[in-house]
Amino acid sequence: MKKSSPKDVKINVHYLTRVEGHGDITVDVTNGELKDCRFSVIESPRFFETMLRGRLVYEAQHLTSRICGICACGHSLASLKASEKAIGVTPHEHTVLLRKLLLHTEQMDSHLLHAYILVAPDLLGVKSIMPLVKTHRPVIDRAFRMKKLSDWAGDVLAGRHTHPIAYCIGGLTRVPEKSQLQKLRSMMAEARADYDETVALFKTLKFPDFERKAQYVALSCDEEYAFYDGQINIDGRKMVDPQDYLTVIKEEVRDYSSAKFVSVDQAPYMVGALARFNLNGHQLGKKSLQIASDLGLKRPCHNTFMNTMAQIVEWGHCLEESIVILDRLLKEGIDEEKVLSTMFPLKDQWPVKTRAGRGVGAVEVPRGILFHDYTVGKDGVVSAANCIIPTNQNINNLEADMRKIVPEIVGSQTQEEMRLTLEMLARAYDPCISCSTHLLDVKFIA
Amino acid sequence: MSNPKADKPKPKVAFFEFTDCEGCQLQVANLGGQLLELTQAVDVVNFREIMSEEGQEYDVAVIEGSIVSQRDETRLKAIAAKAKVIVALGACAATGGVNNLKNLQSLEEQKKTVYGLVDPVKDAFATKPIDAVVRVDYYIHGCPIYGPEFVKVMQCVLQGKPYDVPKYPVCVECKQNENVCMYDKGQFCLGPVTRAGCNSWLPNNGAPCVGCRGLIDNPATDAAKDILDKYGLTVQEVLDKFTLYCNTQKERVKYEKEFPKGR
Amino acid sequence: MKQAIIAKKDMPRWFDSLKKHGKIFGPKKKETQFVFSPVEEFEEMSLVYIPTILPPKKYYFPQKEPLLKFRVEPFGTEKAIKEFDEVILFAVHTCDIAGIQCLDAVFSDTPADPNFLNRKEKITVIGFECMFYCDKYASCAAVGNHVPRGGYDVMLTDIGGDDFAMHINSKKGEDLVRDKSYIREMGEQDKQRLKKAQDGKLKKFANEFKGDIREVEEAFDKEFFSAVWKDVGRRCVGCTNCTAVCPTCYCFDITDDLTLNMNDGVRSRVWSYCQMDDFAKVATGEDFRPGRDARQRHRYFRKFRYPVVKYNKYFCTGCGRCTRTCMAGISLIETVNSLLDERRGQ
Amino acid sequence: MNEQTYQELLKTSPYKPVRGHIIKAQQVTEFEKLFRIELAGQDLEHTPGQFVQVSLFGVGEAPISVCSSPTEKGFFELTVRRVGTLTSALHRLAAGSYVGIRGPFGHGFPLDEMKGNNILIVAGGLGIVPLRSLIHYILDQRKDFGDVQILLGCKTPKDMLFGEEIEDWQKRTDIKFNCTVDRADPDWKGNVGLITSLIPGASIEPKKTYAVVVGPPIMYKFVIVELLKKEIPTHQIIVSLERKMKCGLGKCGHCQIRGVYVCQSGPVFTFEQLKAMEGECHEGECHHVKS
Ligand SMILES: Cc1cc2nc3c(=O)[nH]c(=O)nc-3n(C[C@H](O)[C@H](O)[C@H](O)COP(=O)(O)OP(=O)(O)OC[C@H]3O[C@@H](n4cnc5c(N)ncnc54)[C@H](O)[C@@H]3O)c2cc1C
Ligand code: SF4
Ligand code: SF4
Ligand code: SF4
């Protein structure tokens, strides 16, 4: 194959595949000089934040989970946290446990989809899992088995994983049955074997060498490896209360992309599994730490491609944490009275005298930190809303990565290989573009 | 099991998505083993969410998402021109889904509040379901779709027979599942006027039906009013829930007949 | 032994002994209501309950019943269910037993339905007599279903104090009580207690309709074109719940489900209701029973008129489910009373 | 029922179709296709006017009238109009295919009562299908019946079913045949107008005549008026009704008219019976004018 000329490279990837949503990669190297390098989101905007305006806060969760089908639970939870904070509702601790459990299973679900179905084909040199069905049937069966576990967990906990049903302001509309939780517990214990095999498989896969120190941002808290709750940890430099996220996180619009570009201290930053691992990795259990080092993941890791490995570490961590939560819930028995709540209460059923206020809900979803920010009036109606989605936060960093990697590979790879490398780089972020076009900052003029 | 049809040419199926959350495709991907079994009968040539191969030839186009821009519309028309059968996957494609909510407000204003002076989405327009642009042969309603219904519809596609979307309301399935009715719990539910097919997914999980599958063909006019009275509800409260989903022009006409403003 | 006594405290013991006769289903609380569901321990059940959301009909005539297994190529058929399970229904109300008897009349009528009959063969019914009204929606006394009138294997009656009276009504029933040291034959004194309890109960029950059942029957015979139906039809939202919960509604649809190999499949019958919009609509678009008034009238006539002519039975058991479930607040008692009013007004 | 037959009954299934072998499939008009079907080594043994449930596995089942006469042995025939799911699937079948057959079901025409009397057959549109069975039967047993007149109406000459046979009937001297179309085409030489227009001219001996009318619901209303004018007794006016059907066993409820299950008690009824269904008949089938 003819090596690409180091002088002129034009890459244009339309409709990047195996990501959720639409994104284009454009690279322009003319006379050996990097002229242009961008990642544009070309998905049409859905204006979720403006849709929310004028609706009851009780509908916010239902609506915003529709931002993304892949991390619908994460959106639900961020939305519920924002709503509850705004109107002053404190959920019972069992509710919080059930939410954490749901979030863990969503991490598992999404990470698995990413690692097995989206990334593994790249590493095994095929275009999708379809050919693997013939050549690597046990791998595929295992992937489906593990996927089914998290999927089924979604059914048990929320009625379904895509656009969860049972989670609402103040609690759940129905409590999962004990027998179902027991079954989930034992299925999770059984899944350990599949997980070990997964680790063994990914250990053999080779990720490209690449190094670029980015700013990492994730939620952190003292008690645990944070997913559901915590302060915003800015690259280990400072901690910010989520309610004040706008003081550090800035958004900007570029005319080639319907997603906004986000920065901290005027610089790009990375969110997601690798960021969480870099910032909070010390809070992982012994076993997870061992697995991380088996996978060649050492803190801090500056190779973006290794994000997938961090996801695999997190899968195991979430599994173990889920089992801990399940054990506790099974031991204590879910306090139905405290947990049950109403999805769309009629006015006279509102849980508390709804107060007016603004609430920010920040949650770690599979792709990184997610913010929902609502302002709610006394009548329970949302008057302003803002959501910042992980993929948006990452796009800026992805472009920075591309600017670094292109000159490094221009001489050594064919145009086709370069195209693949860039696609892999983009996919390492597990970008979810359908979400990212919903990142909109809305200031309403009353 | 022997399958005498195995040697027949398999129809090629391609998935395309427009403006949506891709949750419906995920529901399809989640079918897992069933999906693999289905691929014995069809060739999936395009499923961007899980594969890179792009087939240029296809018989069946499964379309997810609403049409919200000129770019969408042009692309959809091109896809439809190549497909023999068009399947609308999910509420966004079938009725417009939650995307319709944006039609309640001025687009220009929304763009301004969102992007300020820069306009990266010049060709955006009001949300349309795909049947506002191309003919649709099969509808799979729901936000998200109900996996088993997808399988059923694909079977109908394979058999070349129409799929009958249930014409009865969600209550039918809800009662067969022996749920305590939301009305008995003092909550308002759209089950009685929403077309079934989801196995009463929401009421099964303690939440009232929000009508994501759209209105039944022949909802009762006078009766609904009595019920509102019984539960001390205002028309506005009902309208609020209807507008979560029933908001395409087509659906709108229907519900405005039901609940004329200011009654 | 025809009549026996069991102490309340021995019920769990007896219950456990039933497990070897079949899978036990009984009334369990579900939020604000009750449903018949599988029972493992006696304590899970609520013996005193208002009629369950769905009647025990679902064990005789399930929501979806496989009728036939088929193969497209080469053409082949096979019975879908080879072996039916042994089932014990625990604590069935007398109205629901009457409902089962109604279905029996229908499905035993030529051409008889083997699926129903096979299930019936394998089901043992342990009744539980209500000693007071479930709620204001019941109309069991009007049709005489407030007292046991056969159709069960064992009937339990709370005779006060620490005991239940048992009426053993079949060979199957005898098998359930045989050689139980804690179940004893009823003595004279016990019979007195039973009579007293039942007499006391009867004082609490009275015809819920304005006229006696003969008058109701006549009203139905004459009032097909009554304005009452217009009114009921206007209020009905067509949710179908009234027909879904009725113990004597038995209409169905037949559907084919293929497996994913597109060659094997199952033909099943699924519940279908006359309140559905396309129930009587044919391929050409003709609807033979349009209008919610005609559909509601049809429902009532299938309870109080048509089966009376055909089977000499009222197909309303008085359970009150249709009224309880109707979100439009259409009440069976009120409807029947308005019809009587119309009749008397003439 | 004795214990032994009851035990046998428990092992059967009335939902199990037998295999029918299509030995001839002929497109007769744009929308109608005629199938000749053979059951393995047995005759259907139906009465004209009865129907069978035809099924294709995985597609469904539909009631279709038998349009051949029981006097024709070794096979039976169905004419299917393509209107929906199952009928479209049937239309795709060619000779050699298999279908499932249950039945025959229902009550056919009251042949015993009709024998020895004059017969007036009035067929509208697809109504000729079940009547063809009766006509074949009568022609095969011609001496058992008195005078026979056939009146046939359809929308346009193109919609006319069984064209060759009709030419035959026209030629026969032992029956009277007359037909009309709603709209003629240039080649049409016969009557134009509604079928009702043929009745006043027919010579009818009312007490000795059985009138058999089959057609769309709306036709009954007008034809029956004419027949009543001719003073044919109501129990000698015979119709066949169409209703939605699923089981054919008098259980599923879809075909019910008041207390009557059409699939079991019908589809053939006398006008006298029809009048008792007042209020639930369609489009004046029973002549009840809604008050
Ligand atoms: C006694 C009787 C005799 C008939 N004889 C003939 C005949 O000889 N030739 C002919 O072409 N048609 C006949 N029909 C009408 C024929 O049954 C319907 O056209 C057919 O059921 C349509 O089925 P489909 O699946 O194509 O339509 P769909 O609309 O897909 O119907 C679905 C199902 O609904 C039921 N259904 C729908 N329409 C009817 C209907 N009109 N009558 C009964 N069930 C219906 C059937 O179970 C059918 O399978 C007869 C109907 C009856 C009741
Ligand atoms: S909960 Fe909703 S869907 Fe279910 S029966 Fe009640 S109204 Fe109908
Ligand atoms: S339950 Fe009430 S509203 Fe529903 S169909 Fe029956 S009568 Fe109509
Ligand atoms: S009609 Fe109503 S009260 Fe009578 S048996 Fe049916 S559900 Fe019960």
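So that the names make sense, note that chain A is the first sequence line, chain B the second, and so on, each numbered from 1.
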C/D256 side chain vs D/F57 backbone, donor-acceptor pair below 3.5 Å: no
Side chain, backbone, both or neither of C/L258 within contact of chain D (heavy atoms, under 4.5 Å): side chain
Distance in Å, D/R258 CZ paired with C/R297 CZ, rounded so as to fall on 0.5 Å steps: 7.5 Å
C/D278 backbone acceptor or donor facing D/K244 side chain under 3.5 Å: yes
Under 4.5 Å from a heavy atom of chain D, the part of C/T77 involved: both
Portion of C/K281 that has a non-hydrogen atom of chain D nearer than 4.5 angstrom: backbone
Per-residue contact mode, C/R302 against chain D (heavy atom under 4.5 angstrom): side chain
Top contributor to chain D contacts, counting heavy-atom pairs under 4.5 Å, from C/H298, C/K82, C/R269: C/H298
Enclosure of D/Q42 CD (heavy-atom neighbours >12, cutoff 6.0 Å): yes
Side chain / backbone / both / neither for C/F116 at chain D, heavy atoms under 4.5 Å: neither
Under 4.5 Å from any heavy atom of chain C - which part of D/Y261: side chain
C/F224 to D/E278 - nearest heavy-atom pair and separation: CE2-O, 3.9 Å
Within 6.0 angstrom of D/H21 NE2, more than 12 heavy atoms from elsewhere: yes
Between CG on residue C/N118 and NZ on residue D/K11, distance to nearest 0.5 Å: 9.5 Å
Check: D/Q256 main-chain N/O paired with C/R289 side-chain donor or acceptor under 3.5 Å: yes
Close side-chain approach of C/E121 to D/Y6, heavy-atom, < 4.5 Å: yes
Closest-packed option against chain C by number of heavy-atom pairs under 4.5 Å, given D/A62, D/C255, D/P17: D/P17
Atom of D/K246, atom of C/I254 and distance for their closest heavy-atom approach: O-CD1, 3.7 Å
Contact class of D/L86 relative to chain C, heavy atoms under 4.5 angstrom: neither
Side chain, backbone, both or neither of C/D287 within contact of chain D (heavy atoms, under 4.5 Å): backbone
Minimum-distance pair of heavy atoms, taken over all atoms of D/P14 and C/A112: CG-O, 4.2 Å
Student check: side-chain heavy atoms of D/E61 and C/R267 closer than 4.5 Å: yes
Most chain C-contacting option - heavy-atom pairs closer than 4.5 Å, from D/C252, D/P216, D/G250, D/G253: D/C252
Heavy-atom proximity to chain D below 4.5 Å, by part of C/T255: neither
Pairwise distance CZ(C/F70) to OH(D/Y15) - rounded to 0.5 angstrom: 16.0 Å
Minimum heavy-atom distance D/Q264-C/P111, with the two atoms named: OE1-CD, 3.6 Å
Nearest non-hydrogen partners of D/H254 and C/F252, listed with the distance: NE2-O, 2.8 Å
More than 12 heavy atoms of other groups within 6.0 Å of D/K155 NZ: no
Under 3.5 Å donor-acceptor, D/K251 side chain and C/V106 backbone: yes
Spacing of OG1 belonging to C/T110 relative to CG belonging to D/L249, to within rounding of 0.5 Å: 11.0 Å
Rounded distance (nearest 0.5 Å) linking atom CG of C/D253 with atom SG of D/C247: 10.5 Å
C/K230 atom NZ, over 12 foreign heavy atoms within 6.0 Å: no
C/K23 atom NZ: more than 12 heavy-atom contacts under 6.0 Å: yes
D/V260 portion near chain C, given a 4.5 angstrom heavy-atom threshold: neither
Proximal component of C/L117, with respect to chain D [non-hydrogen, under 4.5 Å]: both
Interatomic distance, C/T284 atom OG1 to D/E242 atom CD [nearest 0.5 angstrom]: 5.5 Å
